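To start, the structure under review is shown below, and the notes come after it.
In this text the structure is predicted, and so the values were computed from the model without any measurement. We name chains A, B, ... by the order of the sequence lines, and we start the count at 1 in each one.
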2 protein chains.
Amino acid sequence: MPKGNCRGNGWWHGKLRGCGYRLTMGREAILDVLSKAEGHLSAEDIYMKVHPGYPHIGLTSIYRTLDVLSGLGMVYKLDFGDGRARYEFAEGPKGAHHHHHLVCTGCNKVVDYTDFIDEEVELLRETEKGLSKKYGFKIANHIIQFYGLCEACAKKK
Amino acid sequence: MPKGNCRGNGWWHGKLRGCGYRLTMGREAILDVLSKAEGHLSAEDIYMKVHPGYPHIGLTSIYRTLDVLSGLGMVYKLDFGDGRARYEFAEGPKGAHHHHHLVCTGCNKVVDYTDFIDEEVELLRETEKGLSKKYGFKIANHIIQFYGLCEACAKKK
DNA sequence: TTGTTAATGAAAATCATTTTCAATTTAAGG
DNA sequence: CCTTAAATTGAAAATGATTTTCATTAACAA
Ligand SMILES: [Mn+2]
Ligand SMILES: [Mn+2]
Ligand SMILES: [Zn+2]
Ligand SMILES: [Zn+2]
């Protein structure tokens, strides 16, 4: 173990530095939480997960870091209609398991689904190409979300 | 012309009343603006369009009405990432021209597109059916948005 | 016309996110 | 390791969209 608990073994070290950003303790802590967390975290969720280990990192920095990371495409910023932004890690070079979302407008439950993704993605790729040409956009990204009621909420009438 | 300038010739009269809502001047004014407006209006945009004709209608009521209308599926509430919700009329029984969105993350320009819509919609319908069965959701709605840079913003580097 | 109750406006409250600014930290170079 | 310039940060204050409160008004069933 060279140089003790040296930071910077994560693959994102290079990504950040490569884009001219400094690698700080706060950014690492946030990336660490995001990369491990399952669901869709709000800025405050992340703050609360980071806080125990790094009590001096403020919510402001969480927001700032999330901006940087989503600017770099390392995290996705999502809106499920509950008044706060949600973030999810854009999986690294290893396991690329692209997915879309199914949102319950009753209880705000969100399901990640990967079924049908292949067909969807193929169509999207073509659509993207067509739109790029027709409207002159350089497309970087897309969102597909289905809205409805989960079983429980549908029952409640 | 029976009964003078009687309100309530719009097709939405029935829709609102049928769902137990009262038909008020404010609601009509808002529906009127939404049905005629092109783009994607924020609550305040709508307020400003309604104001000249109905100066007593407050922003609060705009928000309240928009909630009702989107609850009924008569308008869509959209998020293009600029910090305020945007609303667009969900076209009535007549011209159903479903569309999706292309959003510039540089200048927030939004393009409605209908190209490819048919293929997309068909795939979505199947996906919807599959998801409904697998996850027990009663799906009411979907969103597809592409994000990228418009020509102008891409040039600005 | 009348009574019930939903709907409304104005003002205050909320609350997620942003801005400000002085202090700290990073990382490049000696 | 030491120095230095610039990026980054935390704390507190500001912002701004949306919501809540509450007394008043308007819609509409009877
Ligand atoms: Mn997800
Ligand atoms: Mn549109
Ligand atoms: Zn639900
Ligand atoms: Zn643009």
Ranking B:Tyr21 and B:Ser42 by the position along DNA chain D of their nearest nucleotide, the one closer to 5' is B:Ser42
Hey, would you say the A:His56 and A:His51 ring centroids sit under 6.0 Å apart? no
Over all atoms of both residues, closest heavy-atom pair of A:Arg27 and A:Arg22: NH1-O, 2.7 Å
Is the shortest side-chain N/O distance from B:Arg64 to OP1 or OP2 of C:dA7 below 4.0 Å? no
So, is A:Thr60 close to the C:dT17 phosphate, meaning a side-chain N or O under 4.0 Å from OP1 or OP2? no
Would you say B:His100 and B:Glu120 are linked by a side-chain donor-acceptor pair, where the criterion is simply a distance under 3.5 Å? yes
Is the phosphate of C:dT17 approached by A:Tyr63 (side-chain N or O, under 4.0 Å from OP1 or OP2)? yes
Phosphate contact (C:dA28 OP1 or OP2) by A:Arg17 side-chain N/O below 4.0 Å: yes
So B:Gly83, base contact, sugar-phosphate only, or nothing? Heavy-atom distance under 4.0 Å. sugar-phosphate
Would you say A:Arg22 places a side-chain N or O within less than 4.0 Å of OP1 or OP2 belonging to D:dA7? no
note: A:Leu66, atom CG; D:dT8, atom P; distance rounded to Å ~ 15 Å
Between CD of A:Glu28 and C1' of C:dT25 the distance, given in whole Å, is 14 Å
Around atom OH of B:Tyr135, are there more than 12 heavy atoms of other residues, nucleotides or ligands at under 6.0 Å? yes
Separation of D:dA17 P from B:Asp67 CG (nearest whole Å): 17 Å
Protein-nucleotide distance (A:Asp79, atom CG; D:dA17, atom P), rounded to Å: 16 Å
